[in-house]
Student: 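My questions will all concern the structure given below.
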Amino acid sequence: MDANGALVVNDSFDRAWRRVGLALDRVGFTVEDRDRSKGLFFVRYIDPEKDAQAQKSAKEKESFIDKLKFWQSSPSSASQPTYRIYVADAGANMSQVQVQNAEGAAEKSNTSKKIITLLYDQLK
């Protein structure tokens, strides 16, 4: 990892793009879209720790009548944040993988660090 929180991969862009795509599938990210010409994967990531806490607090607040409303759907994926996984050519058979927010700015949150760590584990 470099100082900006990006992951440096010892592969050319073509190979890194393919490997990152496979790693995202293996880890279980929901890839909504991809734009190879720009080097972007648009993904949704549910932090397991935050999701477990949210489900626990929602169940504690749920009344008996709420439990009977089986026809209502659970909270949708619209509440899940969207991230961009940016793969860029770094020259000399090197590529860089960075997590960005939905607007395209570098993401510095703990969640982005978890995403980079998961990708690192799959790409090593």
Student: After noting the C-alpha distance and the side-chain angles of D14 and R36, does the key distance pass the side-chain contact (heavy atoms from CB on, under 4.5 Å) rule?
Tutor: CA-CA 9 Å; D14 292 334; R36 189 176 188 283; 2.5 Å; yes

Student: I want to check something: taking the side chain as every heavy atom from C-beta on, are I85 and L119 in contact at a cut-off of under 4.5 Å?
Tutor: yes

Student: If you take all heavy atoms of Q98 and A6, which pair is closest and at what distance?
Tutor: CB-CB, 4.2 Å

Student: What's the spacing between D35 CG and F41 CZ if we round to 0.5 Å?
Tutor: 10.5 Å

Student: Please name the pair of heavy atoms, one in V87 and one in F13, separated by the smallest distance, quoted to 0.1 Å.
Tutor: O-CE1, 3.2 Å

Student: Is a donor on one side and an acceptor on the other found under 3.5 Å between the side chain of R44 and the backbone of E32?
Tutor: no

Student: As an exercise, state the distance from CD of Q100 to CG of L40, rounded to the nearest 0.5 Å.
Tutor: 6.0 Å

Student: Using a 4.5 Å cut-off on heavy atoms from C-beta on, say whether the side chain of R15 contacts that of N10.
Tutor: no

Student: On a heavy-atom basis, which atom in D11 and which in A16 lie closest, and how many Å separate them?
Tutor: CB-N, 4.0 Å

Student: Starting from L22, can I reach V27 by hopping between I/L/V/M/F/W/Y residues whose side chains sit under 4.5 Å apart?
Tutor: no

Student: About how many Å separate CD1 of I115 and CG of L24, when rounded to the nearest 0.5 Å?
Tutor: 9.0 Å

Student: Would you find a donor on one side and an acceptor on the other, under 3.5 Å apart, between the side chain of R84 and the backbone of F42?
Tutor: no

Student: Identify the two heavy atoms, one from K108 and one from K113, that lie closest to each other, and give their separation to 0.1 Å.
Tutor: O-CE, 4.1 Å

Student: Quick check: closest heavy atoms across D25 and V31, and the distance to 0.1 Å?
Tutor: OD1-CG2, 4.3 Å

Student: Looking at every non-hydrogen atom in both residues, tell me the closest pair between K38 and Y86 and how far apart they are.
Tutor: O-CE1, 3.3 Å

